[in-house]
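One structure below.
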Amino acid sequence: MAAGSTVEVRRGAYYDSVTLMQVSRAVTQVDGVQAAMVAMGTELNLEMLSGMGFEPPDGAGVNDLLVAVRADDAEALGRGVAEVDAALARSSAGGSSSTGLGSAPAPRTTGSAARRSNARLALISVPGQHAFAEAMDALEAGLSVMIFSDNVPVEQEVRLKDEGARRELLVMGPDCGTAVVGGIGLGFANAVRPGPVGLVAASGTGAQQLMCMLEQSDVGISHCLGVGGRDLSAAVAGRSTKQAMAMLDADPATELVLVVSKPPDNDVAADVAAYAQTLTKPVILGLLGPGQDDITTLAHRAVDALGRDWTEPFSWDGMPPPRGGSALRGLFAGGTLCDEAMIIASAALGAIHSNIPLRPDWAVGPDLRDEGHLMLDFGDDALTQGRAHPMIDQRSRLERIAVEGADPSCRVLLMDVVLGHGAHPDPASELAPAIAAARSQARETGRDLAVVVSLCACHDDPQVRRTQAETLREAGASIYLSNAAAARRAVELVTGADQ
Amino acid sequence: MSLLDAEPVVVNAGVPLFADALADQAVPVTTVDWRPPMEGTESALARVMADPRRPEANALAVSRLLSAGAELVDVRPASEALGMAEGTFLHAGPPIDWDRASGPLRGALIGAMLLEGLAAGPDDAQTRLGRGAGATLDSCHHHRAVGPMAGVISPSMWLFELRDPEHGGTAYCSLNEGLGKVLRYGAYGPEVIEKLRWMSAVLGPLLQTAVRATGPIDVKAIAAQMLQMGDEGHNRNRAGTLMFLRELLPALIDSGAPTSDVAEAVRFVGANDHFFLNLGMPACKLATDAARDVPGSTLVVAMARNGTDFGIQVSGTGDQWFTGPANTPEGLYLGSFGPDDANPDIGDSAITETAGIGGFAMAAAPAIVRFVGGEVHDAIEATQLMYEITLAENPAYQIPVLDFRGSPTGIDVTKVVRTGILPHINTGMAGKQAGVGQVGAGLVNPPAEIFPAALEALAAAAPG
């Protein structure tokens with residue numbers, strides 16, 4: 001096959017070198033083309049042309065276009081030259097899929113997102129080992145920050161809170177599940193109404209329960225500032241609690257400051273109590289734990305302090321008592337709700353085994369099984385590794401409900417259902433069939449299984465409290481809006497007579 | 001405190017459900033496209049992010065970078081300007097010896113030996129360099145200098161001398177030889193040496209006379225203008241070159257030199273679209289040098305390649321280099337050259353990206369993006385992506401299509417590690433065989449691992 005070769009000069013046809021390099025590449029890729037060069041007639045290019053074995057044309061100037069193609073045969077040569085014209089035409093036609101000026105890529109860091117908006121607050125829920133960098137970035141960008149992430153080392157928490165204080169920004173968390181700022185729910189938050197109580201909460205579900213109890217007496221919330229479950233530990237020493245108390249003290253919408261925390265360090269509790277004395281507004285310290293007020297009682301105290309009338313939280317019972325079995329089993333999504341139920345139940349029943357035990361010797365083994373009274377917090381860090389929180393993903397609890405239905409030792413099932421922003425859009429749709437199935441399974445072994453639901457919900461929650469309650473009730477559950485009342489009822493059913 | 005008074009506007013990083021829940025409450029949410037940081041960096045990242053010196057250190061370092069000026073004050077031989085003794089050679093990138101040097105660097109060193117009359121021919125030069133006898137190598141960056149591609153500077157070469165009137169720094173760069181078979185791309189044939197001799201004998205002295213007569217020339221001002229004219233200051237320097245020539249032309253004509261020399265010099269500069277690169281680079285070097293040595297700062301102050309290694313230096317870790325194997329650029333090839341002919345990334349010219357132009361100002365020079373078959377919006381997005389890893393926007397270097405937003409300036413090691421976004425670098429490509437010269441041009445990224453390495457050193461230097 002005879003090789004074909006051509007060198008052509010196109011006078012006065014200017015293209016920039018980048019275009020021509022693209023054209024050259026396109027021509028070289030044509031089947032049968034051995035070599036191609038499409039370039040302006042500069043000295044350098046003429047030299048390169050002869051270096052490639054082409055005969056440089058006479059009289060080509062810098063403003064002339066050189067087209068040189070060598071191919072296997074005349075046909076391939078023709079295809080090559082045709083591709084020169086096609087590629088040159090394409091170069092000036094513009095990309096058909098061009099999106100004009102394009103769009104800005106999404107922000108990749110919290111700081112970048114902050115600079116693109118007028119945000120005052122960052123909500124961070126990246127995996128715990130990465131939360132510090134994002135939170136620090138938020139603070140440096142002038143944003144207060146709520147850190148939903150758990151598994152953040154305590155020294156990082158202290159560093160963030162000191163940085164926040166220095167910049168007059170609030171650090172809520174880590175492990176802060178709930179906040180309400182200016183009526184907006186962040187993380188898991190019920191749709192509360194505006195009102196006079198400013199909450200400082202070192203407990204997510206504790207704060208949700210408190211807000212729901214206040215709503216029962218028609219008392220609303222100015223803000224609920226979460227501080228993270230560790231804020232009142234010795235290491236963190238109430239750094240955010242005191243800062244949040246000061247913010248609420250200065251907030252015109254707040255009349256009463258209510259602090260709610262899991263069992264705090266004694267020295268820190270004393271320090272916070274002393275700090276409360278320095279504020280201008282009344283402060284109620286709700287430090288949860290054995291021998292302390294439960295959350296419902298705390299709400300009652302707050303309502304009294306405001307001079308409002310207390311309304312007992314709604315319940316919907318009247319279910320027949322259980323038959324068979326002996327043990328109380330609590331299956332919780334909220335840690336503080338689980339804690340509160342254990343405190344109430346253990347006063348009457350003694351040992352309550354748990355993955356978050358009240359006493360170390362009540363710890364349940366890794367199989368999470370026990371013959372006696374048992375309460376599990378499915379939202380505990382150890383059980384949420386690699387999966388979503390049980391308020392979002394209920395599968396682990398659904399499986400456990402079936403287990404309890406089949407377990408002859410189980411007499412009463414107690415569980416929380418938390419509604420509100422961020423939570424499962426329709427928890428009853430999954431829980432009710434599971435409850436019904438467990439009860440029917442129990443009947444097959446000659447038992448009547450009692451189910452008590454602690455429904456942590458407000459009237460305006462997006463899941464619609466009334467519908468959720470009805471669905472659960474139809475499955476055979478008793479409904480209590482007060483977690484403490486639910487726990488007491490469960491104890492009564494465990495210790496009461498068979499029907 | 002503003003948190004409780006303001007209308008809630010939220011940034012969400014993490015679980016999308018929470019952003020949805022806020023949107024359902026009619027709250028404006030900006031969502032972070034968050035991804036895990038580079039692997040194994042958690043503890044070093046936490047330590048550096050916790051360093052209380054970092055925010056102020058970075059603010060200081062980047063303000064020094066932005067406020068640095070750049071004036072061309074003189075043109076002098078390297079022997080005089082840098083006190084270089086016979087047999088000393090500077091090169092681009094982090095330090096390297098002959099044994100590890102790539103083809104183009106070896107070619108340029110051979111050429112420089114010939115230029116200096118230290119070898120009888122290329123083979124003799126190679127032997128001498130291989131023995132290490134009579135030839136001492138060091139990085140340009142260690143001598144306040146930068147060099148494009150191989151970046152070889154030998155004592156008889158003439159250098160631009162730039163001064164930063166704000167911080168008092170000085171920086172040097174060789175004179176640009178043009179494209180094709182040139183020393184900086186590793187060519188050392190007779191025509192290469194002849195051109196270099198002419199540059200030392202005619203061009204250098206002429207430029208010296210003209211610069212001294214004109215007085216300090218504001219290189220930063222030219223760089224700012226060229227970004228408005230389709231140049232990005234690394235792979236495209238056409239407008240910058242012509243503006244520089246315009247500044248110097250009256251003094252050149254008035255120099256009293258033979259008109260044939262003046263004509264030749266003007267023809268040479270005007271025909272070399274990259275002549276200004278060797279002014280833009282030292283201008284950028286002045287800016288990044290001004291930002292050096294701020295304890296706690298995570299700002300990158302140099303990115304440089306020697307054809308084998310890609311190295312960075314960081315403000316908070318002094319003169320330490322963090323190096324990894326240089327990548328091979330992607331792009332378009334001259335003539336019949338192809339990917340197999342290209343040497344890995346080489347040159348100090350990434351100082352332009354370090355200072356916020358070049359690949360970082362890609363949006364100002366859409367023509368450049370076609371080196372990798374991209375479209376105009378790719379250029380704009382490339383620049384916008386660089387804002388994610390930089391500390392500031394340079395008010396002097398503005399990008400028209402981004403509504404004259406300042407170019408993304410000051411690479412932050414922590415942001416590179418957190419986002420995994422690597423700096424975009426526009427670059428020329430040298431042939432990997434010594435003596436070949438330029439084979440193409442394109443785009444390249446640094447090797448990712450040098451950023452975690454720099455982060456580790458910053459973590460080790462952090463207090464507490």
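Below, read A as the first sequence line, B as the second, and so on, with proteins coming before strands; counting in each chain starts at 1. From a predicted model like this one, the values you see are computed outputs, not experimental measurements.
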Pairs satisfying salt bridge (Lys or Arg N to Asp or Glu O under 4.0 Å), at least one member in residues 136-148 of chain A, at least two apart
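The answer is Asp137(A)-Arg418(B), Glu140(A)-Arg54(B).
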Quick test of your reading: applying salt bridge (Lys or Arg N to Asp or Glu O under 4.0 Å), list the pairs with at least one residue in residues 104-130 of chain A, sequence neighbours left out, ordered by first then second residue.
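Of all non-adjacent pairs touching residues 104-130 of chain A, those that pass salt bridge (Lys or Arg N to Asp or Glu O under 4.0 Å) are Arg116(A)-Glu388(B).
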Nearest atoms (heavy-atom pairs only) where [X] meets [Y]:
X         : Y         : result
Thr30(B)  : Pro107(A) : CG2-CG, 4.2 Å
Pro52(B)  : Arg159(A) : CA-NH2, 3.4 Å
Met52(A)  : Gly335(B) : SD-CA, 3.8 Å
Ala46(B)  : Phe132(A) : O-CE2, 3.2 Å
Gly422(A) : Ala21(B)  : N-CB, 3.8 Å
Gly331(B) : Arg25(A)  : O-NH1, 3.8 Å

For [X], I'd like to know if atom [atom1] has over 12 heavy atoms of other residues, nucleotides or ligands within 6.0 Å.
X         : atom1 : answer
Glu43(A)  : CD    : no
Arg267(B) : CZ    : no
Glu194(B) : CD    : no

[atom1]-[atom2] distance between [X] and [Y], expressed to the nearest 0.5 angstrom:
X         : Y         : atom1 : atom2 : result
Thr109(A) : Ile421(B) : OG1   : CD1   : 8.5 Å
Thr414(B) : Met136(A) : OG1   : CE    : 11.5 Å
Met48(A)  : Ser336(B) : CE    : OG    : 8.0 Å
Leu332(B) : Gln22(A)  : CG    : CD    : 5.5 Å
Ser112(A) : Tyr387(B) : OG    : OH    : 11.5 Å
Leu45(B)  : His130(A) : CG    : NE2   : 9.0 Å

Check whether [X] gets within reach of chain B through its side chain, its backbone, both or neither, counting any heavy atom under 4.5 Å.
X         : value
Ala35(A)  : neither
Thr110(A) : both
Ala423(A) : neither
Asp251(A) : side chain
Leu44(A)  : side chain
Leu49(A)  : neither
Ile392(A) : side chain
Glu134(A) : both
Ser144(A) : side chain

Find out whether [X] and [Y] are in side-chain contact, i.e. whether some heavy atom of one side chain is under 4.5 Å from a heavy atom of the other.
X        : Y         : answer
Pro55(B) : Arg167(A) : yes
Ser43(B) : Gln129(A) : no
Val11(B) : Leu121(A) : no
Leu3(B)  : Leu169(A) : no
Trp34(B) : Ser125(A) : no

Is chain A contacted by the side chain of [X], its backbone, both, or neither, given a heavy-atom distance below 4.5 Å?
X         : value
Arg35(B)  : side chain
Leu17(B)  : side chain
Val15(B)  : both
Tyr333(B) : backbone
Leu402(B) : neither
Asn12(B)  : both
Thr31(B)  : backbone
Pro28(B)  : neither
Ile389(B) : neither

Out of [options], return the one with the most heavy atom pairs under 4.5 angstrom to chain B.
options                                    : answer
Ala133(A), Ala122(A), Ser117(A)            : Ala133(A)
Ala189(A), Gly420(A), Ala119(A), Gly183(A) : Ala119(A)
Ser222(A), Gly182(A), Gly185(A)            : Gly185(A)
Ile184(A), Asp162(A), Ile124(A)            : Ile184(A)

Among [options], single out the residue with the greatest number of heavy-atom pairs under 4.5 Å to chain A.
options                        : value
Thr383(B), Val32(B), Leu179(B) : Val32(B)
Glu7(B), Glu42(B), Lys181(B)   : Glu42(B)
Ala363(B), Ala26(B), Pro37(B)  : Pro37(B)

